[in-house]
Protein chains: 2
Amino acid sequence: MDLKEAQEKFISTWGAFGTQWGINRTMAQIHALLLISEEALSAEDIMKKLNVSRGNVNMNVRDLLSWGIVHKVLKFGERKEFFAAEKDIYKTAMQIMKERRKRELGPVLELLEDLKLAEINEQGGDHFSKVVSEIHTFGESTNKMLDKMIKADEHWFTGSLMKFFVKK
Amino acid sequence: MDLKEAQEKFISTWGAFGTQWGINRTMAQIHALLLISEEALSAEDIMKKLNVSRGNVNMNVRDLLSWGIVHKVLKFGERKEFFAAEKDIYKTAMQIMKERRKRELGPVLELLEDLKLAEINEQGGDHFSKVVSEIHTFGESTNKMLDKMIKADEHWFTGSLMKFFVKK
DNA sequence: TTAAACTTTCAAAATTATCTGAAAGTTTAG
DNA sequence: CTAAACTTTCAGATAATTTTGAAAGTTTAA
């Protein structure tokens, strides 16, 4: 397997994998490409490598920026913008957790709170309230746990937490 | 808010939420419906409540069965099959973790191993190998951690692990 | 200024994922 | 058996998402 082949395999698998997690293929592929790219790349570079349109690259790069896992890089003497992925995979994972927590877990917890507060005295209302409460409790625990994980430093994660799990 | 309204809100939010995680809306909605349903439901019941076709219900219920978070229930004296969701939300979450680990993390780790093994001596090959190795290491750690979590009992999760995080 | 270099936008087109429903398949009661 | 009750399948239809590309917008060098 030569380098080009290996890189393409990596990019396309990363892309296919992304779609299973609700991330569009191109976005995942751009991320993969930037991960394995030593240099920061311009929109033009990405277009050529992945064979996608300018608009598509623009939209997805902006999305990756909003997730905080890709950054703009300005090259001295160059007018155009370049992009580079956060190379520390641990930081990347934490950042994705953080964003998903904020964007998704938050709103769901809010809904569950609303549903808990709603007064439901009808037949069957007890069961519904019980299910909602249990999910809410679980969600709150998960939320707290994620919070700790996100705030902890890397050493703690790879050190103490891993030891905790291995010990078990 | 009356019960019906609350239930519909729950089902549709669960559905919308699912799509962000690569789960199709109907599947997530069926799951939500079964979660809040005291009785097991037949395909017919689900069709009526969610207003979807027989084929769609069949496909998605089978999918939920394959994830191990919905079970068949046979009612005495009835020929048709009924379905009920696992009601323990902790067990459900563990089951989903377990399946995602098996279906997705496994294949990715395999790819990363293949890429690590491939001999790449070209210019730029070092960087590529380094990235692949780091992701692989991270993936292996995650894999081990998930393994412990899945094998541990519920008490351990809500007890020791939570304490560990709160202590921190 | 201004014009070239570059980025963003977004309506329409292309693609992909999901859903329908009727037909085929299966099971069971009698 | 056999016919009714029920489940599964899957080709085609529909819906949702993604992509394109050209036009509009912005920035900068001179």
Side-chain angles (χ1 to χ4, degrees), chain A residues 11-34 39-67 70-84 103-104, chain B residues 11-34 39-67 70-84 103-104:
Chain A
I11 291 171
S12 72
T13 305
W14 209 248
F17 187 65
T19 60
Q20 294 192 299
W21 284 83
I23 290 150
N24 87 56
R25 205 178 60 237
T26 305
M27 183 168 148
Q29 286 185 349
I30 293 175
H31 186 228
L33 173 63
L34 293 178
E39 295 284 306
L41 303 181
S42 68
E44 205 86 16
D45 295 335
I46 298 170
M47 283 168 66
K48 270 187 217 144
K49 289 260 190 182
L50 300 181
N51 199 20
V52 291
S53 73
R54 182 177 299 287
N56 198 1
V57 167
N58 184 270
M59 278 177 65
N60 283 299
V61 165
R62 269 190 307 130
D63 219 344
L64 287 164
L65 290 170
S66 85
W67 277 88
V70 161
H71 306 285
K72 279 191 188 176
V73 174
L74 296 176
K75 286 199 190 174
F76 188 71
E78 292 255 28
R79 239 183 92 183
K80 63 180 143 190
E81 298 173 325
F82 293 80
F83 304 96
R103 297 177 189 204
E104 293 155 16
Chain B
I11 292 172
S12 72
T13 305
W14 210 248
F17 187 65
T19 60
Q20 295 191 297
W21 284 83
I23 290 151
N24 87 56
R25 206 179 59 235
T26 305
M27 185 168 146
Q29 286 185 349
I30 293 176
H31 186 228
L33 173 63
L34 294 177
E39 295 284 305
L41 303 181
S42 68
E44 204 86 17
D45 296 333
I46 298 170
M47 284 168 66
K48 271 187 216 146
K49 289 259 191 185
L50 300 182
N51 199 19
V52 292
S53 74
R54 184 176 299 286
N56 196 1
V57 168
N58 185 270
M59 279 175 61
N60 283 298
V61 165
R62 269 190 307 129
D63 219 343
L64 286 164
L65 290 170
S66 85
W67 277 86
V70 160
H71 306 286
K72 278 191 188 174
V73 173
L74 297 174
K75 286 198 189 174
F76 187 71
E78 292 253 30
R79 236 180 99 182
K80 61 181 145 190
E81 297 174 325
F82 293 80
F83 304 96
R103 297 177 188 203
E104 294 156 15

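All values below were derived from every heavy atom in this structure, side-chain atoms included, with hydrogens, water molecules and symmetry-related copies excluded. Protein chains get the first letters and strands the later ones, always in sequence-line order, with residue 1 at the start of each.
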Nearest whole Å is fine: how far is [N] [atom2] from [X] [atom1]?
{"X": "B:Glu78", "N": "C:dA29", "atom1": "CD", "atom2": "C1'", "answer": "15 Å"}
{"X": "B:Glu81", "N": "C:dT28", "atom1": "CD", "atom2": "P", "answer": "10 Å"}
{"X": "B:Ile46", "N": "C:dT20", "atom1": "CD1", "atom2": "P", "answer": "13 Å"}
{"X": "B:Asn58", "N": "C:dG25", "atom1": "CG", "atom2": "P", "answer": "16 Å"}
{"X": "A:Phe82", "N": "C:dT7", "atom1": "CZ", "atom2": "P", "answer": "9 Å"}
{"X": "B:Arg25", "N": "C:dT16", "atom1": "CZ", "atom2": "P", "answer": "21 Å"}
{"X": "A:Leu65", "N": "C:dT7", "atom1": "CG", "atom2": "C1'", "answer": "13 Å"}
{"X": "A:Ile23", "N": "D:dT17", "atom1": "CD1", "atom2": "P", "answer": "15 Å"}

Legend entry - Selected nucleotide, minimal atom distance to B:Asn56 side chain, candidates D:dT8, C:dT9, C:dT20: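 From the listed options, C:dT20 comes nearest.
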Inset, instruction - Taking the side chain as every heavy atom from C-beta outward, state whether A:Phe83 and A:Leu65 have any pair of such atoms under 4.5 Å apart. - result: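 Contact flag for A:Phe83/A:Leu65 side chains = yes.
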Inset, instruction - Could you check if a side-chain atom of A:Asn60 sits within less than 4.5 angstrom of a side-chain atom of A:Asn24, using non-hydrogen atoms only? - result: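 A side-chain contact under 4.5 Å exists here.
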Tell me what [X] touches on the nucleic acid: a base, only sugar-phosphate, or nothing, going by heavy atoms under 4.0 Å.
{"X": "A:Thr19", "result": "nothing"}
{"X": "B:Arg54", "result": "base"}
{"X": "A:Glu44", "result": "nothing"}

Legend entry - No-hydrogen, no-angle side-chain donor-acceptor test under 3.5 Å, B:Asn58 and B:Arg62: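 Yes, because at least one side-chain N or O of B:Asn58 sits under 3.5 Å from a partner of the opposite role on B:Arg62.
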Legend entry - B:Met47, CE atom: more than 12 neighbouring heavy atoms under 6.0 Å: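 Above 12, so yes.
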Inset, instruction - Examine C:dT9: is either OP1 or OP2 under 4.0 Å from a nitrogen or oxygen in the side chain of A:Arg62? Give yes or no. - result: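 For A:Arg62, the contact criterion (side-chain N or O under 4.0 Å from OP1 or OP2 of C:dT9) is met.
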Inset, instruction - Respond yes when some side-chain nitrogen or oxygen of A:Asn24 is under 4.0 Å from OP1 or OP2 of D:dT19, and no when none is. - result: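 Checking D:dT19 against A:Asn24, a side-chain N or O does come within under 4.0 Å of OP1 or OP2.
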Legend entry - Row check, B:Trp67 ring normal vs B:Arg103 NZ/CZ: under 6.0 Å, within 45°: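 Cation-pi check for B:Arg103 and B:Trp67: passes.
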Inset, instruction - Answer with yes or no whether A:Arg79 presents, from its side chain, a donor or acceptor under 3.5 Å of a partner atom in the base of D:dT27. - result: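 Flag set: donor-acceptor pair detected.
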